[in-house]
Amino acid sequence: MPELPEVEVTRRSFVSAIENATILDVYCGKPLRWPLGIASAELIGRRVRTVRRRGKYLLLDLDAGMLLLHLGMSGSLSFGGHLPARGAHDHFELRTSQGTLRLNDPRRFGAVVFAPHEDAPQARKLLGGLGMEPLSPDFDLERFHAGLKRRKAAVKQVLLAGDVVVGVGNIYASETLFMAGIRPTRSAAKLGLARVGRLRAAIREVLERAVNQGGSTLRNFSSANGEVGHFQLDAMVYGREGQACRLCTTPIRRVWQGQRATYFCPVCQKN
DNA sequence: AAAAGCCCCTGGATGC
DNA sequence: TGCATCCAGGGGCTTT
């Protein structure tokens with residue numbers, strides 16, 4: 001579900017529909033990861049300026065303050081004038097003059113947090129440590145290389161940590177390292193410029209393609225306006241333990257790194 | 001400062 | 001069919 005492409009596709013699917021809408025009512029269901037941080041009544045009457053994205057966070061800019069929204073592992077948004085009746089996992093709703101924004105999140109790892117402004121502690125706590133945006137021009141080779149240089153941990157885990165580059169989730173981490181021919185357990189600091197260059201290209205390519213094709217469909221992703229993503233991630237390694245590598249037929253291996261599965265081809269990803 | 005573990009929660013798949 | 005176990009796409013927090 002929500003890796004960077006899904007979050008971006010979701011944003012695009014409702015940003016123009018919600019811009020300039022006035023908040024009429026707020027619904028909070030079961031608690032999410034953190035409390036909203038403001039009495040919901042205080043949001044009523046404020047207007048939604050626009051919706052931005054930073055990493056996997058959506059930022060709803062209000063005329064006073066902002067809402068930071070995260071989809072966690074199982075969250076999805078819908079926006080519309082006539083949404084179906086609320087279900088058991090619909091835990092947050094913003095009813096506006098232009099439609100209702102609804103968060104469905106079975107596992108409730110997601111969050112909606114109010115911050116008075118982007119430099120306020122509530123926002124800095126969540127956004128402060130984020131790395132470069134992979135699809136923006138500031139994701140250049142030198143800075144990426146420098147960022148990896150000062151991390152001795154395994155490159156897979158550095159990608160996931162998001163403090164060097166954001167938006168590379170567990171699936172894309174395995175996939176992009178395969179594309180770049182890099183062993184996931186390799187120390188990030190030890191990667192040479194050529195490999196870092198291949199990794200950077202792989203990250204850009206995969207994420208960009210997924211965004212352009214409407215979000216990857218790791219299961220059944222659909223954006224806030226109900227459109228279904230068409231990008232079938234044809235995994236080269238992810239989820240393919242024991243199956244033949246699509247390039248060299250060697251069985252794909254699975255290892256655990258920081259309580260998460262990593263997949264790689266021992267031959268195509270020598271080091 | 002960085003790295004390693006832990007944990008939040010529900011549901012689907014699998015195995016007995 | 002029922003029940004237990006394992007696993008899941010994230011990431012902040014606490015402990016080393």
Side-chain angles (χ1 to χ4, degrees), chain A residues 1-10 29-35 37 53-58 68-77 87-92 103-113 115 121-131 134 146-177 184-190 203 206-207 210-211 215-223 229 231-242 254-263:
Chain A
M1 276 185 266
E3 297 215 21
L4 184 145
E6 288 87 337
V7 176
E8 176 60 19
V9 168
T10 298
K30 280 189 174 182
L32 295 165
R33 180 161 190 175
W34 294 293
R53 179 188 59 76
R54 178 74 177 98
K56 293 173 186 166
Y57 284 93
L58 287 177
L68 293 83
L69 226 135
H70 199 286
L71 302 178
M73 290 254 255
S74 58
S76 63
L77 288 176
H89 301 305
D90 295 326
H91 299 304
F92 181 84
L103 172 67
N104 179 277
D105 186 4
R107 289 177 75 178
R108 294 192 279 128
F109 287 2
V112 183
V113 173
Q122 300 95 316
R124 296 191 66 134
K125 180 179 85 162
L126 303 179
L127 306 177
L130 296 184
L148 295 177
K149 253 288 165 303
R150 62 187 116 84
R151 302 294 298 278
K152 290 186 178 152
V155 57
K156 153 76 169 2
Q157 297 188 254
V158 174
L159 288 181
L160 271 193
D163 50 358
V164 176
V165 60
V166 296
V168 183
N170 204 40
I171 294 178
Y172 291 138
S174 282
E175 292 299 312
T176 54
L177 286 167
T185 48
R186 180 121 180 120
S187 164
K190 289 187 178 167
I203 290 169
V206 170
L207 294 183
V211 169
S216 61
T217 58
L218 324 161
R219 290 215 219 292
N220 30 15
F221 168 74
S222 68
S223 56
F231 174 56
Q232 289 293 342
L233 176 73
D234 197 11
M236 297 295 279
V237 289
Y238 187 86
R240 300 191 67 242
E241 182 188 21
R254 175 172 70 162
V255 295
W256 291 101
Q257 292 183 284
Q259 12 277 86
R260 307 200 104 119
T262 302
Y263 298 84

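A note on names: the letters A, B, ... follow the listed sequences, proteins ahead of strands, and every chain is numbered from 1. Worth saying up front: this structure is predicted, and the values here are computed from it rather than measured.
- Pairing analysis of DNA chain B (Watson-Crick: purine N1 to pyrimidine N3 plus N6-O4 or O6-N4; G-U wobble: N1-O2 and O6-N3; both under 3.5 Å) yields stems of 3 or more pairs at B:2-8 with C:10-16, B:10-16 with C:2-8.
- In terms of modelled atom types and a separation under 3.5 Å, the side chain of A/R186 and the main chain of A/V155 share no donor-acceptor contact.
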- Task: Begin from the C-alpha positions of A/T185 and A/K156 and carry the test side chain to side chain contact (heavy atoms under 4.5 Å, CB included) through to its verdict.
- Result: CA-CA 7 Å; A/T185 48; A/K156 153 76 169 2; over 6 Å; no
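- Here the side chain of A/E175 pairs a donor or acceptor atom with the backbone of A/V237 at under 3.5 angstrom.
- Distance alone, capped at 3.5 Å, places no donor-acceptor pair between the A/R124 side chain and the A/L126 backbone.
- Rounding to whole angstrom units, NZ of residue A/K156 and C1' of C/dG10 are separated by 12 Å.
- For A/Y57, the ring-ring contact (aromatic ring centres under 6.0 Å, His included) partners two or more places apart in sequence, or in a different chain, are A/H70.
- In this structure a side-chain-to-backbone donor-acceptor pair under 3.5 Å is present from A/N170 to A/A261.
- Whole-Å rounding puts the A/L68 CG to C/dG10 P distance at 18 Å.
- For C/dG9, its base never sits under 3.5 Å from the side chain of A/R260 at any donor and acceptor pair.
- Taking atom NZ of residue A/K30 and atom C1' of nucleotide B/dC9, one finds them 9 Å apart after rounding to whole Å.
- With A/Y263 as reference, A/E241 is the one residue of A/E241, A/R240, A/M236 to meet the side chain to side chain contact (heavy atoms under 4.5 Å, CB included) rule.
- Residues A/L103 and A/L71 are in side-chain contact: their nearest non-hydrogen atoms beyond the backbone lie under 4.5 Å apart.
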Could you pull out the protein-nucleic contacts involving nucleotides 12-14 of chain C (nitrogen or oxygen on both sides, under 3.5 Å)?
residue, atom, partner, partner atom, Å
C/dG12, OP1, A/Y57, OH, 3.0
C/dG12, O4', A/R33, NH2, 3.0
C/dC13, OP1, A/K125, NZ, 3.4

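- Whole-Å rounding puts the A/Q257 CD to C/dA8 P distance at 13 Å.
- Rounding to whole angstrom units, CH2 of residue A/W256 and C1' of B/dC6 are separated by 15 Å.
- Look at A/Y238 and you'll find a side-chain N or O under 4.0 angstrom from OP1 or OP2 of C/dG9.
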- Message: Is there a side chain to side chain contact (heavy atoms under 4.5 Å, CB included) between A/R54 and A/L68? Walk through the geometry before answering.
- Response: CA-CA 10 Å; A/R54 178 74 177 98; A/L68 293 83; over 6 Å; no
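- Applying the salt bridge (Lys or Arg N to Asp or Glu O under 4.0 Å) criterion to A/R107, with sequence neighbours excluded, gives no partner residue.
- A donor-acceptor pair under 3.5 Å is absent between the side-chain atoms of A/E8 and the main chain of A/V211, judged by distance alone.
- The interatomic distance linking A/R54 (CZ) with C/dG11 (C1') rounds to 15 Å, in whole Å.
- Within a 6.0 Å radius of NZ in A/K149, other residues, nucleotides and ligands contribute more than 12 heavy atoms.
- C/dG10 has its base stacked against the ring of A/F109, the centroids being under 5.5 angstrom apart at an interplanar angle below 30°.
- Counting any heavy atom pair closer than 4.0 Å across all strands shown, A/G258 reaches no nucleic acid atom.
- The nearest whole Å value for the distance from the CG atom in A/L58 to the C1' atom in C/dG10 is 14 Å.
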Could you list the protein-to-nucleotides 1-4 of chain B atom pairs, N/O on both sides, closer than 3.5 Å?
residue, atom, partner, partner atom, Å
B/dA3, OP1, A/K152, N, 2.6
B/dA3, OP1, A/A153, N, 2.9
B/dA3, OP2, A/R151, NE, 2.4
B/dA3, OP2, A/R151, NH2, 3.1

Heteroatom pairs (N/O) under 3.5 angstrom, protein to nucleotides 11-15 of chain B:
residue, atom, partner, partner atom, Å
B/dG11, OP1, A/H89, NE2, 2.6

- Message: Does A/L159 form a side chain to side chain contact (heavy atoms under 4.5 Å, CB included) with A/V165? I'd like the steps, not just the answer.
- Response: CA-CA 7 Å; A/L159 288 181; A/V165 60; 4.0 Å; yes
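- Rounded to whole Å, atom P of C/dG11 lies 13 Å from atom CD1 of A/I171.
- When every heavy atom of A/Q257 is checked against every heavy atom of A/T262, the shortest pair comes out as OE1-OG1, 2.7 Å.
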